[in-house]
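Before any comments, here is the structure.
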Amino acid sequence: MAEAAAKSGEATRCGFIALIGAPNAGKSTLLNVLVGSKVTIVSRKVQTTRALIRGIAVAGEAQLIFVDTPGIFAPRRKLDRAMVTTAWGGAHDADLVAVLIDARKGLDEEAEVILERLAEIRQPKLLILNKIDLVQKQTLLTLTHSANDKARFEQTFMVSAKTGDGVADLKAWLATHVPPGPWLYPADQIADAPLRQLAAEITREKLFERLHQELPYQSTVETDQWKELRKGDIRVEQTIYIERESQRKIVLGKGGQTIKAIGEAARKEIAEIAGAKVHLFLHVKVREHWAEEPERYRGMGLEFPKED
Ligand SMILES: Nc1nc2c(ncn2[C@@H]2O[C@H](COP(=O)(O)OP(=O)(O)OP(=O)(O)O)[C@@H](O)[C@H]2O)c(=O)[nH]1
Ligand SMILES: [Mg+2]
């Protein structure tokens, strides 16, 4: 029935919901649980997401297009600036803006800065307190009051993206609050990034899991080749860009162990999303100024900052 209605555009709803918040608040985890499938990468480290990533879900007669955004923080490098500008841009372009706060961290400085800037956004906003599995109920009530004092929210939700607690309520509310209109995607579509881009993100997630300190932030991944072979297998070639020669041996690891583990983990996941056997080839390139190259930003789906 939903599909039939979608065709005519009658009684259906469809809208963009931007998920914004400080790095590590759980935006990507929440997007994946809302969509019911992994469309955006997650890590324990901050600043994992670098560009806008859409995940699509259907709830009743509504199509909900969630937009995952990079975490908002005080930027230092050019890449940071591009990420933060992109996040606010995502909020400005959405129909509804969902502001995530890590309930365990509460209103720290990063969260305060975001709440202050919300006044600039005209769209209806909702507050999502995430990670409620980690805090006491009383803390949540106090946090709800103080956050609602600082910005105007239509509604407050308390969820755990990890356990799924509260997510159904959030989805049901969104289904009746996105604008009326025809669906923009086919009913079964859950993502709109090309597979080769998601594949690069998956490898980057494995880098974030296995590399530490500055290396995750000084590296990026691109898919150079995605080729279907005759038997239906897929050959994927990717380049990991790093900034210094000395980082190469860390990425490779003793006897190539690290890169092997990264490649193995990424290959399995890429095969799952592609639904085919994948042969993954990883190359490591030192490119001192990759974070200053417009081409790398295009690869990530990020706008290259104009000013310097
Ligand atoms: N306990 C708990 N952990 C969570 C919850 N949601 C997310 N996390 C964890 O928080 C960490 C950060 O999650 P992400 O989804 O990558 O956070 P993000 O807001 O997308 O981060 P950036 O992309 O860096 O801005 C991961 O280790 C998640 O597993 C939650 O509800 N409860
Ligand atoms: Mg993220």
Side-chain angles (χ1 to χ4, degrees), residues 17-55 66-77 79-91 97-106 108-111 113-114 127-137 139-140 143 156-171 191 193 197-198 200-221 269 300-302:
I17 304 124
L19 306 179
I20 70 165
N24 214 46
K27 302 174 293 296
S28 302
T29 309
L30 181 63
L31 182 132
N32 288 335
V33 67
L34 283 160
V35 169
S37 188
K38 179 163 170 176
V39 298
T40 183
I41 64 167
V42 165
S43 89
R44 298 160 64 101
K45 296 188 173 71
V46 297
Q47 300 162 33
T48 305
T49 306
R50 287 183 179 162
L52 301 182
I53 295 168
R54 288 179 186 175
F66 295 101
V67 184
D68 189 15
T69 67
I72 295 167
F73 59 103
R76 282 178 299 151
R77 307 173 300 164
L79 175 60
D80 301 345
R81 259 203 323 278
M83 285 159 56
V84 174
T85 307
T86 297
W88 283 112
V97 177
V99 183
L100 260 79
I101 291 185
D102 178 334
R104 191 169 55 172
K105 283 194 190 152
D108 59 5
E109 204 189 323
E110 260 174 349
V113 170
I114 295 170
L127 175 67
I128 300 180
L129 304 180
N130 186 35
K131 309 197 186 182
I132 61 167
D133 54 298
L134 301 176
V135 295
Q136 303 288 328
K137 189 128 195 201
T139 315
L140 292 174
L143 187 50
T156 299
F157 293 91
M158 299 174 190
V159 308
S160 167
K162 190 175 175 181
T163 67
D165 208 10
V167 172
D169 284 349
L170 167 65
K171 215 164 159 178
Q197 194 177 324
L198 182 54
E201 284 288 275
I202 287 171
T203 303
R204 201 164 62 77
E205 182 186 74
K206 307 312 168 202
L207 286 179
F208 263 64
E209 274 167 16
R210 287 176 176 76
L211 303 175
H212 306 289
Q213 286 150 357
E214 80 277 20
L215 235 173
Y217 306 103
Q218 295 185 354
S219 59
T220 192
V221 180
E269 227 175 270
M300 288 184 267
L302 264 183

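Note that ligands are numbered from 1 as they come in the structure, with each ligand's atoms numbered from 1 the same way.
Not a single N or O atom of L134, backbone or side chain, sits closer than 3.5 Å to an N or O atom of ligand 1. The distance criterion of under 3.5 Å between nitrogen or oxygen atoms is not met by T69 with respect to ligand 1. Residue D68 places no N or O, backbone or side chain, under 3.5 Å from any N or O of ligand 1. Looking at A161 next to ligand 1, an N or O pair under 3.5 Å apart turns up.
Within a 6.0 Å sphere centred on CZ of R77, other residues, nucleotides and ligands contribute more than 12 heavy atoms. Within 6.0 Å of NZ on K105 lie more than 12 heavy atoms contributed by other residues, nucleotides or ligands.
Within the 4.5 Å cutoff, no side-chain heavy atoms of I53 are placed close to those of Q197. At a threshold of 4.5 Å between non-hydrogen side-chain atoms, the residues P70 and T48 do not count as touching. Side-chain contact between F66 and N32: absent, with no pair of heavy atoms (C-beta onward) separated by less than 4.5 Å. Side-chain contact check for L211 versus K45: every heavy-atom pair is 4.5 Å or farther apart. The side-chain heavy atoms of K38 and E205, taken from C-beta on, include a pair separated by under 4.5 Å. Between L79 and R50, some side-chain heavy-atom pair lies under the 4.5 Å cut-off.
At least one heavy atom of S43 sits closer than 4.0 Å to an atom of ligand 1.
If you look at T163 next to ligand 1, there are no close heavy atoms at all, none under 4.0 Å. Proximity of Q47 to ligand 1, defined as any heavy-atom pair under 4.0 Å, is confined to the backbone N, CA, C and O atoms. Residue contacts with ligand 1, taken as heavy atom pairs separated by less than 4.0 Å, involve N24 via backbone and side-chain atoms alike. The proximity of V46 to ligand 1, defined as any non-hydrogen pair under 4.0 Å, is limited to the backbone.
Atoms CG and CE, from L170 and M158 in turn, are 13.0 Å apart once rounded to the nearest 0.5 Å.
Listed here is the closest heavy atom pair of A161 and G26: CB-O, 4.4 Å. Closest approach of F208 to P216, counting heavy atoms only: CE1-O, 3.5 Å.
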Pair L302-M83, side-chain contact (heavy atoms from CB on, under 4.5 Å): steps then yes or no: CA-CA 7 Å; L302 264 183; M83 285 159 56; 4.1 Å; yes
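Among protein heavy atoms, atom 17 (O) of ligand 1 sits closest to G26 N, 3.2 Å. Looking only at protein heavy atoms, the nearest one to atom 6 (N) of ligand 1 is N130 ND2, 3.2 Å. Ranking protein heavy atoms by distance to atom 7 (C) of ligand 1, first place goes to T29 OG1, 3.5 Å.
Distance alone, capped at 3.5 Å, is enough to place a donor-acceptor pair between the T69 side chain and the L19 backbone.
Nearest residue to atom 9 (C) of ligand 1 from K27, R44, K131, M83 is K131 (criterion: closest heavy atom).
Protein N/O/S atoms closer to the Mg ion (ligand 2) than 2.8 Å number 2 in this structure.
A side-chain donor-acceptor contact under 3.5 Å links T40 and D68.
Under a 4.0 Å criterion applied to the non-hydrogen atoms of D133, ligand 1 contributes the atoms 1 (N), 2 (C), 30 (C), 31 (O), 32 (N). For ligand 1, the atoms sitting less than 4.0 Å from at least one non-hydrogen atom of T48 are 22 (P), 23 (O), 24 (O), numbered in the order shown with element in parentheses. Remark: ligand 1 atoms within the under-4.0 Å shell around heavy atoms of G71 are 25 (O).
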